[in-house]
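Data first, discussion second: the structure below is written as structure tokens.
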4 protein chains.
Amino acid sequence: MEFKDNQAIYLQIADYFMDKVLSGEWKADERVPAVRELAVSLEVNPNTAMRTYTILQDKGVLYNKRGIGFFVAPEAFDIIFKMKKDEFINKELPGIFRTMDLLKLSPEELIRLYNAFKADGKL
Amino acid sequence: MEFKDNQAIYLQIADYFMDKVLSGEWKADERVPAVRELAVSLEVNPNTAMRTYTILQDKGVLYNKRGIGFFVAPEAFDIIFKMKKDEFINKELPGIFRTMDLLKLSPEELIRLYNAFKADGKL
Amino acid sequence: MEFKDNQAIYLQIADYFMDKVLSGEWKADERVPAVRELAVSLEVNPNTAMRTYTILQDKGVLYNKRGIGFFVAPEAFDIIFKMKKDEFINKELPGIFRTMDLLKLSPEELIRLYNAFKADGKL
Amino acid sequence: MEFKDNQAIYLQIADYFMDKVLSGEWKADERVPAVRELAVSLEVNPNTAMRTYTILQDKGVLYNKRGIGFFVAPEAFDIIFKMKKDEFINKELPGIFRTMDLLKLSPEELIRLYNAFKADGKL
DNA sequence: GTGGTCTAGACCACC
DNA sequence: GTGGTCTAGACCACA
């Protein structure tokens, strides 16, 4: 996995995990990789991996069985979905629409791009 | 003006300025506020305000007349427009479309939201 | 049985056992559940169950007949009563009173809550 | 400051801070010690001090001005008060009352102890 | 100066 | 084996 420079690694891992839940790849009560295991596979310090798990646990996305490991919470999907939707609609969309207007991109043009991306398999 | 936490203040100010140029509010060769003045009005450290002007000057968006102040460059509009369009289409859109898919938001739904925002005067 | 996160499971089981002795549910020389049995019924690792018995044996609350099982020690009640009282009065109470003050809970209010809990059968 | 062994240091510091807010020693918008400063004064690693600030910020008790420092949030008192009260009444009290019953301590006896502690200046 | 992140490595309790 | 905490020290962006 490659990391961008402008966002903390532990947040990028968290996003990556949440996508896995949203896409259905990770299901409720499924066990996620052990902290150290994850650290090795992502070539990251165990502390950094742990940090990801801690915040996801705080958000209710993961839960922990002591001495056993971390698991996907049953409510994980709903929590993430709600959180992402809220953020997208209230935080991102206004900026996106504003930028579109400034760039003189019409919504129709946007749909055209959407379909083009789909067709190119870039999504 | 309120600032988001996840982006540097000086960059947020720069975006704010570039929007003013794109929207036509600021025109070529127009004088922009003095650094100190800006710092006071935005309740920001003068260093931070200065930093905004420095990077905008580097990008060719502003030019400086020593002892007088900063001015909007004649090519500002074109530079910003090109830069924003590039960034929006190649950097932002893929992520936006991906999020839309995960949130099960169709492009039609997006248009509906766009018009709703417009109607509410939120843009 | 549900376990809190902030205390070791084997200690929570031990407390649960000691309460049974204090409440008179478990009497002197009564046999307690076998380790494996306990582990199954509480959905806990056998090691964890065993650990509970070990520390209770160390404290003199249980005794062991090899090959037969664990039994409530005759002195169990007295040992536990003394230990709990000591701990409650010297360790817990100061913190409780401090919290009460910070929360502006008067002792009278506490009595009211006590009676309310009793009435609701929550105790 | 001395730390207990059975609770994480960063949590003990957090509790210590929250008490300061509850007791009125720390007021809204007051600046709290810088991370490194705190670390030195408590003889703790800066990471540990930082961790305390991070969770308090997550809870809404502190807020941050970038490059300047951490400050007590205006809602800090209410947040802490509500959180502590909830926890005390729903989590701690049932256990306390249960222990009291097992130890055959009457609420009246508890009040007597409360007044005794007060009189001794142990609170 | 401030916070924020990351690495490296250690120790511990618990399952 | 698992997670949880802590120290030490480094680097960076930002104000």
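Per chain, numbering begins at 1; letters A, B, ... match sequence-line order.
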Output the distance between atom OH (D/Y53) and atom CG (D/L38), rounded to the nearest 0.5 Å.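 D/Y53 atom OH to D/L38 atom CG measures 4.5 Å (nearest 0.5 Å).
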Without decimals, in angstroms, what is the distance between [X] [atom1] and [N] [atom2]?
X	N	atom1	atom2	result
C/N6	F/dG3	CG	C1'	15 Å
A/I13	E/dC6	CD1	P	8 Å
A/E43	E/dT7	CD	P	11 Å
A/L62	F/dG3	CG	P	11 Å
D/M50	F/dA8	CE	P	18 Å
D/D5	F/dT5	CG	C1'	12 Å
D/K4	F/dT5	NZ	P	15 Å
D/F3	F/dT5	CZ	C1'	13 Å

Main-chain N/O of [Y] paired to [X] side chain as donor or acceptor, under 3.5 Å:
X	Y	result
B/R31	B/I68	yes
A/R66	C/D5	yes
A/T48	A/Y10	no

Can A/F3 and A/I13 be said to form a side chain to side chain contact (heavy atoms under 4.5 Å, CB included), step by step? CA-CA 9 Å; A/F3 299 107; A/I13 302 176; 3.8 Å; yes
Residues D/F71, D/N64; criterion side chain to side chain contact (heavy atoms under 4.5 Å, CB included); working and verdict: CA-CA 6 Å; D/F71 298 79; D/N64 174 262; over 6 Å; no
Just checking C/R36: does its CZ atom have more than 12 heavy atoms from other residues, nucleotides or ligands closer to it than 6.0 angstrom?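 Count not over threshold, so no.
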How does DNA chain E read in dot-bracket, base by base from 5' to 3', with Watson-Crick or G-U pairs under 3.5 Å and | used when the partner is on another strand? ||||||||||||||.
Listing time: all N or O pairs from protein to nucleotides 12-15 of chain F that are below 3.5 Å?
residue: F/dC14; atom: OP2; partner: B/Y10; partner atom: OH; Å: 3.2

With B/E43, which residues qualify under side chain to side chain donor-acceptor pair (under 3.5 Å), at least two apart?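 Not a single residue meets the side chain to side chain donor-acceptor pair (under 3.5 Å) criterion with B/E43.
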Check each of D/E92, D/K84, D/K91 against D/F88 using the side-chain contact (heavy atoms from CB on, under 4.5 Å) test, and report the only one that passes.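 Testing D/F88 for a side-chain contact (heavy atoms from CB on, under 4.5 Å) against D/E92, D/K84, D/K91 leaves exactly one candidate, D/E92.
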